[in-house]
S.K.: 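Input: one structure, supplied below.
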Number of protein chains: 2
Amino acid sequence: MALGTGYDQQGCYLARALEVVGERWTLLILRDFFFGVRRFTDLRDHLDISRAVLTARLDGLVADGVLTRTTLDGHPEYLLTEAGRALWPVVFSLARWGEQHVGARHPARVFSHADCGTDVDALGRCPACGTVPGPEDLVVRPGTGANPMRRDDRVARALERPHRLLTRLELAAV
Amino acid sequence: MALGTGYDQQGCYLARALEVVGERWTLLILRDFFFGVRRFTDLRDHLDISRAVLTARLDGLVADGVLTRTTLDGHPEYLLTEAGRALWPVVFSLARWGEQHVGARHPARVFSHADCGTDVDALGRCPACGTVPGPEDLVVRPGTGANPMRRDDRVARALERPHRLLTRLELAAV
DNA sequence: ACTGCCGGTCTGTTCACCGGACCATGGTCG
DNA sequence: CGACCATGGTCCGGTGAACAGACCGGCAGT
């Protein structure tokens with residue numbers, strides 16, 4: 001979003017939430033974590049974000065309890081915490097709004113309920129089951145709106161195949 | 001949020017949405033519009049935002065089709081457009097996350113379905129009706145978590161009484 | 001020992017936000 | 001009719017964040 005931390009004095013919890021996820025890049029970073037990205041370099045390739053800012057955001061998100069940082073195979077690995085996974089409705093509703101109100105009519109990505117294969121509606125509900133599946137029960141796949149602006153990096157290519165959210169994204173070499 | 005416009009190259013519509021509502025202050029301004037605030041000075045009193053930035057945000061939101069600007073009684077009046085009202089799930093889910101993950105356990109504000117009086121759940125559903133009411137069908141009232149940080153301005157005082165979203169907030173003189 | 005990858009840090013420039021002064025319009029009151 | 005004041009801005013100098021790009025330390029492979 002866009003702050004420098006400091007919506008002082010605002011009693012409203014919206015302001016507190018924005019202090020955590022309101023800075024520039026933060027929600028795009030979190031989206032990538034839902035998609036299964038877990039490493040520094042993959043985020044950098046996908047987002048074209050400055051290294052310094054990415055470092056600052058990851059450190060901040062870890063400090064705020066949204067991510068954990070562990071080490072795997074000698075490299076840092078970042079994972080969403082429970083609080084981080086609870087941000088899914090925020091990411092989903094913003095992306096949906098963007099599709100419907102600033103983009104084309106066709107969605108760039110479609111989410112379906114893994115249990116039954118039905119696509120979820122604009123509010124995230126599974127029409128077949130009547131539930132609102134959490135991100136762990138969703139599968140993403142590219143939508144009908146082939147986006148001419150689509151990026152070409154390892155992460156973007158990996159997302160051309162259907163992928164279950166929160167599971168590690170397998171990035172093809174080269 | 002926190003950008004200066006320019007998540008260039010990002011095909012994802014989340015990035016497009018963030019170009020519109022991702023800058024600092026924007027979502028807090030929109031929250032106030034849902035609460036029924038419609039005028040420059042009231043926003044300024046409630047948010048402690050610089051005049052220049054508030055002007056820039058309002059102009060930007062009008063340009064992006066989220067607000068309309070009309071004149072009433074010789075003063076500008078800003079109203080949410082259909083696209084603006086469609087942002088309710090974003091504002092709601094962020095505020096809810098803030099309550100549950102960075103604040104106390106008790107909500108600062110509670111939303112209930114105007115048709116039946118039932119409080120909506122964490123995903124915005126009315127448990128009695130089984131629907132997800134839009135903002136026009138919701139009533140806000142202060143929650144049980146009396147917030148010690150609560151502000152004291154005309155807008156905050158007006159919100160101490162239950163109020164239907166999107167209807168004009170009556171601001172007591174002085 | 002050399003090379004390359006990964007995950008950073010450091011630096012200088014640009015740009016947005018901040019607080020506060022200033023200003024134009026329109027209504028009110030004596 | 002003139003003074004005053006509320007509203008809704010604009011303008012300006014200072015500060016802090018983000019950007020692009022250079023640099024660097026640890027580790028793996030060969």
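Per chain, numbering begins at 1; letters A, B, ... match sequence-line order. Keep in mind the model is a prediction, meaning the values are calculated, not measured.
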S.K.: Between C1' on dC15(C) and CD on E23(B), what's the gap in Å once rounded to a whole number?
M.R.: 12 Å
S.K.: Can you tell me the distance, in whole Å, between the CG atom of L171(A) and the C1' atom of dC5(C)?
M.R.: 15 Å
S.K.: Rounded to the nearest angstrom, tell me the gap between atom CZ in R44(B) and atom P in dC18(C).
M.R.: 11 Å
S.K.: Between E160(A) and R157(A), is there a side-chain N and carboxylate O pair less than 4.0 Å apart?
M.R.: no
S.K.: Using the six-membered ring wherever Trp is involved, compare the ring planes of W97(B) and H101(B) and label them parallel, tilted or perpendicular (cut-offs 30° and 60°).
M.R.: parallel
S.K.: When you match H75(A) and I49(A) each to their closest nucleotide on DNA chain D, which lands nearer the 5' end?
M.R.: I49(A)
S.K.: Can a salt bridge be assigned to the pair R164(A) and D137(A) using a cut-off of 4.0 Å between side-chain N and carboxylate O?
M.R.: yes
S.K.: By nearest nucleotide on DNA chain D, pick out whichever of G74(A) and R51(A) is the more 5' one.
M.R.: R51(A)
S.K.: If you assign T41(A) and A52(B) each to the DNA chain C nucleotide with the nearest heavy atom, which residue ends up on the more 5' nucleotide?
M.R.: T41(A)
S.K.: Could you give the CG-to-C1' distance, from L43(B) to dT7(D), as a whole number of Å?
M.R.: 13 Å
S.K.: Measuring only between side-chain heavy atoms, which start at C-beta, is V102(B) closer than 4.5 Å to E19(A)?
M.R.: no
S.K.: What is the distance from CG of L47(B) to P of dG19(C), rounded to the nearest Å?
M.R.: 13 Å
S.K.: Just to confirm, is there a sub-4.0 Å distance from OP1 or OP2 of dA17(D) to any side-chain nitrogen or oxygen of W25(A)?
M.R.: no
S.K.: For dT10(D), take OP1 and OP2 only and decide whether either is under 4.0 Å from a side-chain N or O of T55(B).
M.R.: yes
S.K.: Could you tell me whether the phosphate oxygens of dA17(D), OP1 or OP2, come under 4.0 Å of any side-chain nitrogen or oxygen in R24(A)?
M.R.: no
